[in-house]
Structures are given as structure tokens and as C-alpha cells.
**Q** 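The following block contains the structure, expressed as C-alpha cells.
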Amino acid sequence: CGRNQSGAAVPNAKVTLTNPETNVVVRELNTGADGSYVITLVPPGMYMVSVEAPGFRKHVQSGVTLQTNQRVRLDLSLQVGQVTETVEVTAEATLLESQSSSLGKVIDRQMLNDIALNTRNFVMLATMAPGVNGVGFSTSGTIMSGARPDDRRPGTEIFSNGNREGSNNFLYDGVDNNERLIQLIVIRPSVEAIREFKVQTNMFSADTGRNSGAVVDVVTQSGTNDIHGSLFEYLRNSAMDARSFFNVKGTPFPAFRYNQFGFSLGGPAWLPKVYNGRNRTFFFVDYEGHRRNLLASTVRSVATPRIRDGDFGAELPIYDPLDQRADPTSATGIRRARFTNNVIPRNRWDVPTARLLGAFPLPTNTDRLNNYIANVGQKQDWDQGDVRVDHQFTPNDNVFARWSVQHTTTTAPYTFPATQIQGLPNAIGVGNEDSFAGPAFNPVQHAVVSYTKVITPLLVNDLRIGFNRFVIDYTGEGFAAGGPNLGNLVGIPNSNSHPLHTLLPIINLGAYTGVGHSRSLPIFRRSNVFQYIDNATWTRGAHTLKFGGDVRRRQITEYQTNSGNGRFNFSRGLTTEIGSGATSGNELASFVL
């Protein structure tokens, strides 16, 4: 509101909103009969507000900060005097959200720069909003927890007021940024690219609400009249790490290398002797790269040298499932014959399982179980960048466009080192079904074009067109479409029944680590979202009305198998004495037979 020193309204005063960083006049309008004014659809940033009226000194207030999705009230008091005189007010207190019931918190640029962020993950700062917790609190082993190797975007799950991690709505410059199958983020912006973001947890306005969880609205950095940039590198490694309990001296030390590096640059668009975009056209670009090499040690159970020869003398008694006879003294009326000396003769060995038994590495200690230290390495290369251009055609016509790309390639290994298995053309690794071993290529894109049109100072329209694309090509290590068909070659008929199912079956061995290939692979996913948004804000007297539409077209193509190469579960039951429970039998004995 514009008022004089006595508190009376000053009608028809000229109000001008200017961005001092770009020297762009964002909006001009006159106060109403009651001295009130409303300025709508203003991008987040630092502004200067000036008010002029005949018979009063010009009032200029600088340092007015507007945050994402914020509605504020700014009362300006005019002093009697000449219009050629100016009253300047600076360093005002932070404006309060007095015009909206929405609950949330804005994480601004200073906070992003000042707080240390592990892996430079901006989502971790969302937990500073009331009622929000995470990241990393998902149920262990679930796809949303980020702990499984087949999730390539760990660390973006948050919980708002008790809602699940899939109930959040991520926005990037006001445009959908959600992958709707796993229900997490599509592209995780670099810290350098973020001007600020807001986490809203309750009482959303109609144009932002959709889910019951939080709305995380990220606004990208834009250029100004001054050239600004940054250059950074973060390095973490295992030089100062301690050995774990199981990683004793004499065994390889789990190496860890994590590099994050990049740059950002923003300013006025300028082509020598061609175009000078100062006060009109601005650009911002950034790039960030991740290089991570991690070697993790896990304790596994493998076949001992005696078991590899079919000798189970150190194990529980094993019984022959093909030698059953009636025995009236038995509680079940049937007994099985025990193998002599607990040794399975070679002529009873199954051909393919005998070959796979040899794929076990030798133990690293003399224990029967938990007898092997698997040093499993994972490599990840991550490159991403953003390009944004802002342009003012006229004070009433403003546009910006942004394009973001992120490419991630992650390679997870099998549990055990590659070995030559009889019947197969090349050495290959094997392991548990949850190793998800193989390369995953995950390129994603996000783009937005926005056009803000001031039809009149009291009627403003904002049109946005957005697009995001999520792709993942995830295949098992050793995969080749059309063959060779490893399951068939090792001697398991019909295990490879499809051109995309060419690896070994899943081999589940109970207490022992498996010696097959992974579940859920291959995965080929293509997901596109096209979004069209138009919002108009109309100020009519004491009322401000906002109305519009949001249309989203989702496309998804998904190919995924769970046990496409077959699955075999081996328990002790096949080699137990009937009715003996847990006092006999062995999974590997059942496997060999």
C-alpha cells in the first residue's frame, strides 16, 4: 500500500519494480483508489521498489527479497515534498509470508553455499523444513532407499509429515521433475545451478499441489549484468580410512575414490561487434562431473575344498533322496539311506551344477561358513549440465528457456571374480542374485520454456512448456543380445528362451552365496513427460484471482524380466533324513545332486 505520513491512501501513485542485477524493469503500475497495488508472477530475486506521486518525495526501497512461491506485503510511506527529492530505504527486515497459509521453508543461495553437503546433494537440505526427514531413511533394500545397485539416483527420498517417499512432487522451474515408476526425481540439479528451492509441506495452492507429501520447487540460477562464475573440485579417498574388522592385514584394502568437479558461468549475452545483451539478454551455464570408484568388502560363504570334491564329511549327515525304504520304526514310516562317509560319488553328480560348483573361489579362511572376503568394486561416471537464457523483448514480454542433461553410467561387478566355466566360451563372473552386476546407462533430460506476458498491469499471463525424459539401459555383465546363451551352454536346457535372456539362471543356495546371475535384468525403460501450463492472474479491486490449466502427457515403455534366465532354489530338504528337521542335509549337497 502507498500511504502518506498521516496514514491516508495515495491513489494513482506510480509503482516501479526493478531488478538491480539486470537493470530490467519487471513491472510498472499505478496504485488504486485505496492506495493499494498488487504485483504478480515475479521471479525470485532481489528487487528495488520505487513509488512516485505529485506533491511527494520519490520513495525508493532496495534490498527487497522475493523467494520462491512467496506472497508478501510491503507497505510504503510517502513524505510530502518535491518529486525531485528521493527517500531511499535499504536493509529492510526479511519480508514475512503474511498473505498465504502455505507451510514450508526456502533454502536460499547463501545456505546452499555455506552448509557442507555430502555428495553435493541439495535434497539433503530439504530436511531443514519442519516435518521433513530423510535422506536415507527408506526401508533397507527397497528400490526407493537408494541402497540397491539398480537405483541410479540414490539420496532423493524424503518423508513429509509421515507420507511415503513416493508421495512428493519435485518441480524444476515450475515443471514436473518426477519419474513416475519408482516415484523419485528425474534429474538432480547441481548445487551451482540452483538459485534457491522451497519445500512446502502443507496447504498447497491449486497450481502446485498434487501429492500428499512435500512439494520441492527448485528455481535455477540466471545471469546478470555482471559476469559471475565458479570453479570447484572436491576429492575424497581412502588414504585416511581405517580397516574394518573383517578386512585384516594381508587382504586388499577397500579403495575409495570420489571426485566432484565443475564450473558455472553467467552474465549478459555478448557477441563481439554483433550483439550486446546488457540490460536485456542473459545466460547461465554450468557443468558438474562425478567420478566414483568404490571397493567394498563383504563376508560370503563359499564351498570348502572338501565340498568341491563332493566330500561333506565335515558337514551334517547327508542322505540319498533316491534311496528311500519303508521303516516301521520311523515316525514317518520312511527312511533314506545315508551317503557312505558323507561323500557323494562322482557318478551321481549333476553335470551343470558340477561345472558351477567350480566357479566358487577358494575360501580365505578355514571356517565352514563366512569363509570368504569378497572385495567388490563399483564404478560410476556422472556428467550433467544446464544452459539457461533469459530475454526481455519489451517490459511487458519476458521469456526464459533452460535445457538440462544428466548422463550416469554405473558398473556393478559380480560377487566373485571371473572364472572359466566348462562349456562357456569366455571367463565370466558369478554371484548372488542381488549383485545386479552389469553396466547401467542412465541419460536423462529436462527442459522448460516460459513466456510471461503483461497484458495490463492488473492482468498477467504465464505460459510454460516443459519436457522431461528418463532412460535406463541396464544389462547384466556378459550380456549380448541373441547370445551366446550361457545357461544352455553350461548344460541347463531351455534356460535361455528369449533373445534378451542370455545369461546364467539365478542360483539360490540358502546359507551359501549363489553362483548364478542377477535377477531383474535386463531393464530397458523410456519415459517421457510433456507438460503444458498456462496461468493468468487478474487483480480486480480488492480481489486477486488466479486461474489456469496444467496438462501432462506421460509416455512409458518398459521391458524388464525378473527371472528371465530361470531360477533354481536349493535347500537342505532334498538331502535330509525324512523327519530329521535341521539336524541333517546341506544345500550344496542338494545342488550337486
Side-chain angles (χ1 to χ4, degrees), residues 300-327 330 332-363 366-369 371-372 416 418-432 484-496 503-517 565-593:
R300 299 290 181 170
S301 297
V302 300
T304 64
R306 292 182 64 179
I307 289 178
R308 290 162 68 101
D309 288 332
D311 184 353
F312 291 83
E315 311 298 321
L316 294 173
I318 58 172
Y319 292 82
D320 189 346
L322 300 185
D323 190 351
Q324 299 186 164
R325 62 201 68 178
D327 184 351
S330 168
T332 61
I334 301 175
R335 284 193 183 277
R336 287 175 175 169
R338 182 177 175 181
F339 281 104
T340 304
N341 298 322
N342 245 24
V343 176
I344 300 177
R346 284 279 178 171
N347 62 357
R348 296 289 304 278
W349 285 34
D350 183 68
V351 173
T353 55
R355 293 173 175 177
L356 293 173
L357 186 67
F360 272 122
L362 292 174
T366 58
D367 296 336
R368 293 174 51 251
L369 297 174
N371 53 8
Y372 180 79
F416 301 130
T419 185
Q420 184 64 55
I421 300 174
Q422 185 181 353
L424 302 188
N426 301 302
I428 192 167
V430 293
N432 235 37
N485 295 318
L486 304 185
N488 293 342
L489 291 175
V490 85
I492 303 173
N494 303 316
S495 61
N496 305 121
L503 299 181
L504 294 174
I506 297 167
I507 306 294
N508 190 326
L509 297 173
Y512 296 89
T513 301
V515 284
H517 283 166
N565 302 303
R567 179 189 183 94
F568 295 90
N569 299 314
F570 294 91
S571 70
R572 292 183 306 170
L574 191 69
T575 53
T576 59
E577 169 62 297
I578 296 176
S580 67
T583 60
S584 63
N586 184 279
E587 293 95 332
L588 289 181
S590 301
F591 180 61
V592 166
L593 290 171

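Only this structure's heavy atoms are used, side chains among them; waters, hydrogens and symmetry mates stay out.
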**Q** What's the spacing between Arg338 CZ and Ile318 CD1 if we round to 0.5 Å?
**A** 8.0 Å

**Q** Carefully, step by step, assess Asp323 and Arg335 under the rule salt bridge (Lys or Arg N to Asp or Glu O under 4.0 Å).
**A** CA-CA 8 Å; Asp323 190 351; Arg335 284 193 183 277; over 6 Å; no

**Q** Nearest 0.5 Å please: distance from the CD1 atom of Ile507 over to the CD1 atom of Ile492.
**A** 5.0 Å

**Q** Indicate yes or no: does Arg355 engage Asp350 in a salt bridge with an N to O separation below 4.0 Å.
**A** no

**Q** By side chain to side chain donor-acceptor pair (under 3.5 Å), which residues pair with Gln324, not counting sequence neighbours?
**A** Arg336

**Q** Quick one: which residue pairs count as a ring pair (Phe, Tyr, Trp, His ring centres under 6.0 Å) with a foot in residues 341-360, not counting sequence neighbours?
**A** Phe360-Phe416

**Q** At their closest point, which heavy atom of Arg368 faces which heavy atom of Tyr512, and how far apart are they?
**A** O-CE2, 4.4 Å

**Q** Walk me through whether Thr583 and Glu577 qualify under side-chain contact (heavy atoms from CB on, under 4.5 Å).
**A** CA-CA 8 Å; Thr583 60; Glu577 169 62 297; over 6 Å; no

**Q** Would you say the side chain of Val302 lies within less than 4.5 Å of the side chain of Asn371, judging by non-hydrogen atoms?
**A** yes

**Q** When rounded to the nearest 0.5 angstrom, what distance separates OH in Tyr319 from CG in Asn586?
**A** 13.5 Å

**Q** Distance-only, no hydrogens or angles: does the Asn485 side chain make a donor-acceptor pair with backbone N or O of Asn488 under 3.5 Å?
**A** no

**Q** Under the side-chain contact (heavy atoms from CB on, under 4.5 Å) rule, what do Phe312 and Thr575 come out as? Steps first, then yes or no, please.
**A** CA-CA 12 Å; Phe312 291 83; Thr575 53; over 6 Å; no

**Q** Check Leu504 against Asn565 and note the closest heavy-atom contact, atom names and distance.
**A** O-CB, 3.5 Å

**Q** Yes or no on side-chain contact (heavy atoms from CB on, under 4.5 Å) for His517 and Val430, after CA distance, side-chain angles and deciding distance?
**A** CA-CA 6 Å; His517 283 166; Val430 293; 4.3 Å; yes

**Q** Measure the CD1-CD distance between Ile428 and Gln420 for me, rounded to the nearest 0.5 Å.
**A** 10.0 Å

**Q** Indicate the atoms forming the closest heavy-atom contact of Leu588 with Leu509, along with that distance.
**A** CD2-CD1, 3.7 Å

**Q** Is the backbone N or O of Ala314 less than 3.5 Å from a side-chain atom of Asn342, with the two atoms forming a donor-acceptor pair by type?
**A** no

**Q** Is it true that a side-chain atom of Asp320 and a backbone atom of Phe339 form a donor plus acceptor pair closer than 3.5 Å?
**A** no

**Q** Please report the closest heavy-atom contact between Ser590 and Leu574, naming both atoms and the distance.
**A** OG-CB, 3.4 Å

**Q** Show the nearest heavy-atom pair for residues Thr353 and Val592, with the distance to one decimal.
**A** OG1-O, 3.5 Å

**Q** Does the Asn569 side chain pair with the main chain of Asn508, one donor and one acceptor, at a distance under 3.5 Å?
**A** no

**Q** side-chain contact (heavy atoms from CB on, under 4.5 Å) for Leu356 and Ile421? Distances and angles first, verdict last.
**A** CA-CA 7 Å; Leu356 293 173; Ile421 300 174; 4.2 Å; yes

**Q** Would a distance-only check, ignoring hydrogens and angles, find a side-chain to backbone donor-acceptor pair under 3.5 Å from Thr419 to Ala359?
**A** no

**Q** What pair of heavy atoms forms the shortest contact from Ser495 to Pro505, and how long is it?
**A** CB-CG, 3.9 Å

**Q** Quick one: pull up CZ in Arg348 and CG in Leu322 and give me the separation to the nearest 0.5 Å.
**A** 5.0 Å

